[in-house]
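Since this is a predicted model, take the numbers as computed values, not measurements. All ligand and atom numbering here is 1-based and tracks the order in the structure.
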Amino acid sequence: MRRTHELFRRAFGPYVPHTIAIVLLAALGSAMEGLGISAIVPAFSFAGGQAGTAADAISQIIQHLFSFIGLPYSFRFLLFFMGVLFVLRTVLVLVIQYVTARIVYGYERDLRTTLFGNMVRAGWPFLSQQKVGQLDQLLITNTTNTSQFFNFISTLALIGTKAIAYIIIAINLAPTVAVASLLAGLVAFVGLRPLFSAAKAASVRVERLNRGMAHFVSQHVGGMKTIKAAAVEEPVERTIGEFFESIRSLFVRMMVLRGTTETLVRLFGLGFVGIVFVVMYQTPGFNIAAFAVIVYVINQIFSQVQAMQVQMHALSTMVPYIGSVFAQVDDARANREETGGGPMPTQWETLAFDHVSFTYPGRERTLEDASFEIKRGGIVGIIGPSGAGKTTLVDLLMRLFDPHKGEIVLDGVAARTVSRTAWRTQVGYVAQDSFLLNDTIARNIAFYHACSHEEIVAAAKAASVHEFIESLPQGYETVIGDRGVLVSGGQRQRIALARALVRMPELLILDEATSSLDSETEAAVHEAIDTLRGKTTIIIIAHRLSTVASADELLVVEKGRITERGTPEELLKNKDSYFAKAYGPRA
Ligand code: ADP
């Protein structure tokens with residue numbers, strides 16, 4: 001309970017003024033309704049030919065109000081007064097809805113911005129641990145549910161103030177009945193708390209299942225081709241079916257809990273009205289008008305209690321959604337990437353790894369004591385068995401991770417001291433399996449980088465993909481499908497290369513960019529590399545000898561260590577070297 005309280009304060013604390021505004025408007029509306037209803041008693045009195053006199057306090061207030069405004073206190077004006085109040089109240093409800101909607105959707109936008117902004121600014125070690133689909137779920141469902149809080153507040157305010165208005169009317173007309181019905185309402189409210197807790201527990205599970213399901217769906221949609229190829233549609237369907245089934249049964253359970261609560265309150269209210277009728281009917285001086293109003297009022301009080309139950313139920317089922325959003329925001333914030341630091345040195349001469357070690361959490365040492373130097377404009381090839389640590393090495397170079405020991409140094413300046421943003425603006429990166437947007441080729445090459453069409457074309461030419469793009473009916477405006485399925489692997493990699501080149505990087509990293517591709521693409525990439533030779537520093541991770549044959553220096557990485565280095569010719573001379581064994585004449 002305390003934690004829920006803290007969560008609410010955290011989530012909605014800054015919105016206290018908004019909330020108060022909603023409550024005040026609702027209170028005003030309920031006061032109007034209360035006055036309108038109370039005016040029934042003097043109206044009946046007029047109808048009965050008694051000049052609208054009634055003993056109760058509210059009727060007298062109305063009468064005073066009339067003389068204050070200078071309106072004649074007559075049946076006609078009383079009816080008119082009631083009509084105006086009800087119309088005003090109805091319009092006020094619209095105003096409340098409008099104000100609430102502005103708050104709800106503004107809140108939703110802000111929360112989404114906060115969540116997404118913190119996620120995208122978090123560091124790679126944190127982001128690489130995220131499960132696919134979960135963020136979608138948090139951004140779409142959880143934020144919506146969280147912002148619904150204000151709808152609940154608005155509804156609760158309307159209901160609550162209405163309940164209070166009716167309680168005041170009841171006290172005004174028949175204090176004993178009012179106090180009794182108040183107590184009864186309280187008993188009903190407290191008595192039904194266990195049902196609340198059960199609904200909340202079910203909701204916690206639904207929220208978790210929803211995220212699990214979103215993760216499962218995203219993951220499997222991404223792997224649809226593999227699923228088809230392996231003919232495992234049935235077991236996949238069965239597994240997701242279990243999610244669907246669990247969610248179904250939990251929702252049914254929540255519905256039963258909610259329905260039971262509602263019905264119990266309703267039955268309780270009916271019984272209570274019955275008792276009041278019996279008691280009042282036997283009381284001398286029984287006033288039928290007052291009685292009718294009282295029954296209506298009690299009924300209203302119970303309806304409001306019941307409606308409050310429903311809202312509280314719904315609100316408590318929102319709590320887990322709110323909790324997860326804020327937990328995610330906190331996590332992302334705690335893992336925020338440090339972006340401060342100095343500018344990137346220009347015209348640097350050497351980039352060096354100085355005794356760099358790095359280990360993934362819970363793993364054996366991934367990279368150990370790696371030292372090497374690259375001259376500006378040089379080309380370095382990195383080879384070695386898979387799992388040796390090559391990708392980790394370039395990830396460190398992109399500063400996605402920080403070395404645990406040692407330093408990456410640029411002309412004597414520690415990379416640590418340079419702003420990551422400044423650093424990465426100078427790095428072009430092409431991965432093995434490039435990520436393309438479902439957007440035009442031009443936009444895929446520009447990739448949020450401000451550049452002219454000429455620059456895009458120049459980059460495409462450099463990546464040997466210009467002719468292919470021109471051959472498409474819509475040229476650079478051709479839309480590539482999701483994950484680039486409308487272009488071949490080779491074309492995709494060349495578009496990715498063009499994307500890296502358009503940013504004019506100082507440092508170009510190709511991480512097995514051509515490993516899974518045809519020799520034609522590889523040749524095209526080589527051509528691009530040759531034209532960049534001397535202008536851009538290039539690091540190529542490759543499997544094939546042909547890919548790295550033109551490198552100025554080769555580094556062999558084995559089990560996290562740089563075990564060999566030298567020109568391809570030098571390495572081949574040592575017959576026992578990994579390089580000679582893997583790529584030598586007898587290999
Ligand atoms: P390579 O590129 O040479 O194939 P990697 O640098 O990808 O090798 O991986 C080196 C080692 O680190 C492997 O044993 C791999 O399983 C492990 N590894 C890679 N990425 C992670 C990660 N995000 N978390 C934990 N271990 C990882």
Evaluate the ring planes of [X] and [Y], with Trp represented by its six-membered ring, and classify them as parallel (under 30°), tilted (30 to 60°) or perpendicular (over 60°).
| X | Y | value |
| --- | --- | --- |
| H466 | Y476 | tilted |
| F358 | F401 | tilted |
| F435 | F447 | perpendicular |
| F12 | F150 | perpendicular |

* To do: For ligand 1, find out whether one of its N or O atoms is nearer than 3.5 Å to an N or O atom of F401.
  => no
* So R424 and E337, salt bridge (charged side-chain N to carboxylate O under 4.0 Å, His left out) or not? Walk me through it. -> CA-CA 13 Å; R424 290 188 194 142; E337 195 167 49; 2.7 Å; yes
* Going by heavy-atom distance to atom 1 (P) of ligand 1, choose the closest among G387, G362, S128, P125. =>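 Closest candidate by heavy-atom distance is G387.
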* Find all atoms of ligand 1 within a distance of less than 4.0 Å from any non-hydrogen atom belonging to T366, and give their numbers and elements. => 10 (C), 11 (C), 12 (O)
* Asked: Can you list the atoms of ligand 1 that are under 4.0 Å from a heavy atom of T392?
  -> 5 (P), 6 (O), 9 (O), 10 (C)
* Using a 4.0 Å heavy-atom cut-off, say whether K390 meets ligand 1 through its side chain, its backbone, both or neither. =>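 Both backbone and side chain.
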* Asked: Is it the side chain, the backbone, both or neither of T391 that has a heavy atom closer than 4.0 Å to ligand 1?
  ->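 Contact part for T391 vs ligand 1: both backbone and side chain.
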Nearest non-hydrogen protein atom, [atom]:
| atom | result |
| --- | --- |
| atom 8 (O) of ligand 1 | G389 N, 3.1 Å |
| atom 17 (C) of ligand 1 | R363 NH1, 3.5 Å |
| atom 19 (C) of ligand 1 | Y360 CE1, 3.4 Å |

* To do: Side-chain contact test, heavy atoms from C-beta onward, threshold under 4.5 Å: evaluate it for E564 versus E558 and give yes or no.
  =>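 Yes, their side chains come closer than 4.5 Å.
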* To do: Answer with yes or no whether G384 contacts ligand 1, where contact means a heavy atom under 4.0 Å from a ligand atom.
  =>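 The answer is no, since G384 has no heavy atom less than 4.0 Å from ligand 1.
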* S434 and its side chain to side chain donor-acceptor pair (under 3.5 Å) partner, picked from Q493, R492, R494, R499 ->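 Filter result, single survivor: Q493.
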